[in-house]
Number of protein chains: 2
Amino acid sequence: MKFTINRATFINKLNDVLRAISSKTTIPILTGIKLVVSDEDVTLTGSDADITIESVLSNSDEKMELEIASAGSIVLPARFFSEIIKKLPDKQVTIEVTDGFQTQITSGTASFTINGQDANNYPHLPEIDSENTISLAGDVLKEVIGQTVLAVSTQESRPILTGIHLILSENQLVAVATDSHRLAQRKINLPTAVSQTYNVIIPGKSLQELSRMIDDNRKEIQLRIADNQVLFLLGDTLFYSRLLEGNYPDTTRLIPDTSDTTVELNASVFLAAIERASLLSHESRNNVVKLNIQPEEQLAEISGNSPDVGNVEEQISVSTVAGQPVEISFNPDYMKDALRSFGQSEIKISFTSALRPFTLVPTENEDNFIQLITPVRTY
Amino acid sequence: MKFTINRATFINKLNDVLRAISSKTTIPILTGIKLVVSDEDVTLTGSDADITIESVLSNSDEKMELEIASAGSIVLPARFFSEIIKKLPDKQVTIEVTDGFQTQITSGTASFTINGQDANNYPHLPEIDSENTISLAGDVLKEVIGQTVLAVSTQESRPILTGIHLILSENQLVAVATDSHRLAQRKINLPTAVSQTYNVIIPGKSLQELSRMIDDNRKEIQLRIADNQVLFLLGDTLFYSRLLEGNYPDTTRLIPDTSDTTVELNASVFLAAIERASLLSHESRNNVVKLNIQPEEQLAEISGNSPDVGNVEEQISVSTVAGQPVEISFNPDYMKDALRSFGQSEIKISFTSALRPFTLVPTENEDNFIQLITPVRTY
């Protein structure tokens, strides 16, 4: 195995694959990166058993400047190998398996020889049928992930809630996440109808990692779903994630369809006020902020109190306040996450009563995106 | 106590004082920031007992927009108070001690009330005689600190070596630091001769913190030295540090005055090569890089070897090589620190033998700046 490649371009691809590699893995060979060289291309593979990322490097990308002298394969220690590649002096780097699994890395006058492992011992990737491929716009997929992943559970006690529930049927994709204290749901229309209905739960961590790989140039992403794996194709890079097994709870009945009080306000202005109030709530034991809404006075006020440190109150600038007066307490960190997912938008918050979940939706598009938060009982 | 001030300007001064405040202090009141309001100005004080920083805020700086309603003093929880100030909504902030030690912080429609402490319980600052004031250029002081602090010991076993030794006499300041494995010495000429000789040891940590406060606009810094304290004046900000007690070892006889081998090369080019080689040495137990110099062949080569991970070798581009052949092993981290202190300069490295300390000096100014490194015995 021997090839020469443009170092800067190689580093880019290496960084993609490194996302999948964890130093904490219990399978020693997965701390390595697999290089497979054929007559035409070089395939890099990294995996933590949950996520696998594969990148194919070829001269279809001119910047690769790839010259293959001989085919072969090797597994190299991922972190150490990538640090070496990043620090080398020259524009080009040559990687050659010399003696057994010893690998020589040369660039300019610098030469490293490092010990590799037999690529045959690296776990095999699942085969995923290419028949049913679903196309998604890169920016839309990234938005859907960003708007729902915040509500994914980080507790391992109910593993199913650590995933995002994706339902694809006909022309629609629905993404839902809940940790049982809050819920986020986003619907999008698909450019072309899917041939069958899919109902899968993808680990939130996988989708978050995928999201980081979607840059602004990534126009289209293909999605393929198998029994226990999902594959996202981003050009020459393949992103595999295992699926979570089990039934996702029915979340449709959690979302209230009536309300007694509504407030319309700017999400980013409200976020700044909640961030201030949470400074105080974080110092106290119960981490709760109270919102007091008085429609007759067109008033919305937040407050927090902690006997040890002090108290805070702030009147919130609102567009409209309608319905019944309500006083409701909530975890400000849930509110911050929810508000951030709306960016600079005008939003509508709808309340039923002090102990029932309340919802946040964008004023301009109430049906396709919803955040739900369960209040905290303070008495 | 009540005053209103421009929030952005207040945050700048607050950040300076916060540098001195540690959450790890064993003296609870030092987790607080002291505010003392007189009829004309507001003084902020922060301290970790080693370093004390005091900043005087007045309308001599127009951007302060300071309005004092009543004098007084208070100690407020530093981290919490500064987080609140930074998150407030309005351009102005009003701080008022209301009831006992309760303090109200208002800005726009937001209002915090937090519990403070009696400022009379805050430790008093040492008095430092203003008679003997030494002037130093800000950029030069910053350079002297940066070039010597790297050699300060981080081990508490010999506390005296955790400081930088400053000797001021007549027109010269000499700064020396050593951790007994390496040494850094810098000399500068003073603009005006000092009236007496000073011989003090300032904790390296203090000078590093001071250095971070010296920005490019800081033309002049005044220095005042007392028995066990030193005071640096940066305009309206006062930086106090305690001095280390004891005798600093005599370092003059450690610096060799002859050499058998010299190499001239570019510091930043050599640094890049040492950084590469240290990737490998860091993976092995003894963390050593070898330098092999063959003057007849005008060759300088570094190499590293670790049976577990592999090996590295690189030929170094040099300007001149003269004298006897030498093979020397050293800790690459010491070499990296030393090389960084020369920036992009051309330097001369002088060796006596494989086990004797070697020196690095800038080619253009051999007398005023020297780095010394003790080699590692590898057999």
Side-chain angles (χ1 to χ4, degrees), chain A residues 76-77 79-90 98-99 101-116 268-284 299-318 336, chain B residues 76-77 79-90 98-99 101-116 268-284 299-318 336:
Chain A
L76 297 173
R79 189 183 52 77
F80 184 43
F81 174 66
S82 69
E83 281 175 357
I84 291 172
I85 298 293
K86 285 170 191 171
K87 292 248 184 220
L88 288 173
D90 203 35
T98 50
D99 184 16
F101 303 114
Q102 285 219 319
T103 305
Q104 194 176 29
I105 306 162
T106 44
S107 179
T109 58
S111 169
F112 282 83
T113 305
I114 65 174
N115 301 328
S268 63
V269 171
F270 192 38
L271 173 60
I274 296 290
E275 282 179 337
R276 280 188 280 280
S278 71
L279 288 178
L280 191 118
S281 69
H282 285 170
E283 300 286 320
S284 77
L299 181 94
E301 191 180 60
I302 55 172
S303 59
N305 179 43
S306 160
D308 295 342
V309 269
N311 60 63
V312 56
E313 48 187 48
E314 178 167 354
Q315 228 175 290
I316 307 301
S317 154
V318 292
K336 284 194 279 186
Chain B
L76 298 174
R79 190 182 51 78
F80 185 41
F81 174 67
S82 68
E83 281 175 356
I84 291 172
I85 298 293
K86 286 168 192 175
K87 291 246 185 227
L88 288 172
D90 205 33
T98 50
D99 185 12
F101 302 113
Q102 284 219 318
T103 304
Q104 193 175 31
I105 306 161
T106 44
S107 178
T109 59
S111 169
F112 281 83
T113 305
I114 65 174
N115 302 328
S268 64
V269 170
F270 192 38
L271 174 60
I274 296 290
E275 282 178 338
R276 280 188 281 279
S278 71
L279 289 178
L280 191 119
S281 68
H282 285 170
E283 300 287 318
S284 77
L299 181 95
E301 190 179 60
I302 55 171
S303 59
N305 180 43
S306 159
D308 295 343
V309 272
N311 61 63
V312 57
E313 46 184 52
E314 180 168 353
Q315 228 175 291
I316 307 301
S317 154
V318 292
K336 284 194 280 187

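Below, each value reflects all heavy atoms present in this structure, side chains not excepted, and no hydrogens, waters or symmetry copies. Throughout, a chain's letter reflects where its sequence line sits, starting with A, and its residues are numbered from 1.
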Region of B:Asp308 in contact with chain A, defined by heavy-atom distances below 4.5 Å = backbone
Given A:Thr109, A:Ile302, A:Ile114, the one with more heavy-atom pairs under 4.5 angstrom with chain B than any other is A:Thr109
For B:Thr113, the option from A:Asn305, A:Val312, A:Val309, A:Asn311 that meets side chain to side chain contact (heavy atoms under 4.5 Å, CB included) | A:Asn311
Taking every heavy-atom pair that is under 4.5 Å apart, which of A:Arg276, A:His282, A:Lys87 has the most such pairs with chain B?
-> A:Arg276
Interface check, chain B: of A:Ala273, A:Gly108, A:Gly116, A:Ala110, most non-hydrogen pairs under 4.5 Å belong to A:Ala110
Is it the backbone or the side chain of A:Glu83 that comes under 4.5 Å from a heavy atom of chain B, or both, or neither?
-> both
State plainly whether the residues B:Glu275 and A:Lys86 are in salt-bridge range, i.e. N to O under 4.0 Å.
-> no
Pick one of side chain, backbone, both or neither for B:Leu88, based on which atoms fall under 4.5 Å of a heavy atom in chain A.
-> both
Note: vs chain A, highest number of non-hydrogen pairs under 4.5 angstrom among B:Ala277, B:Pro77, B:Ser111, B:Gly310 is B:Ser111
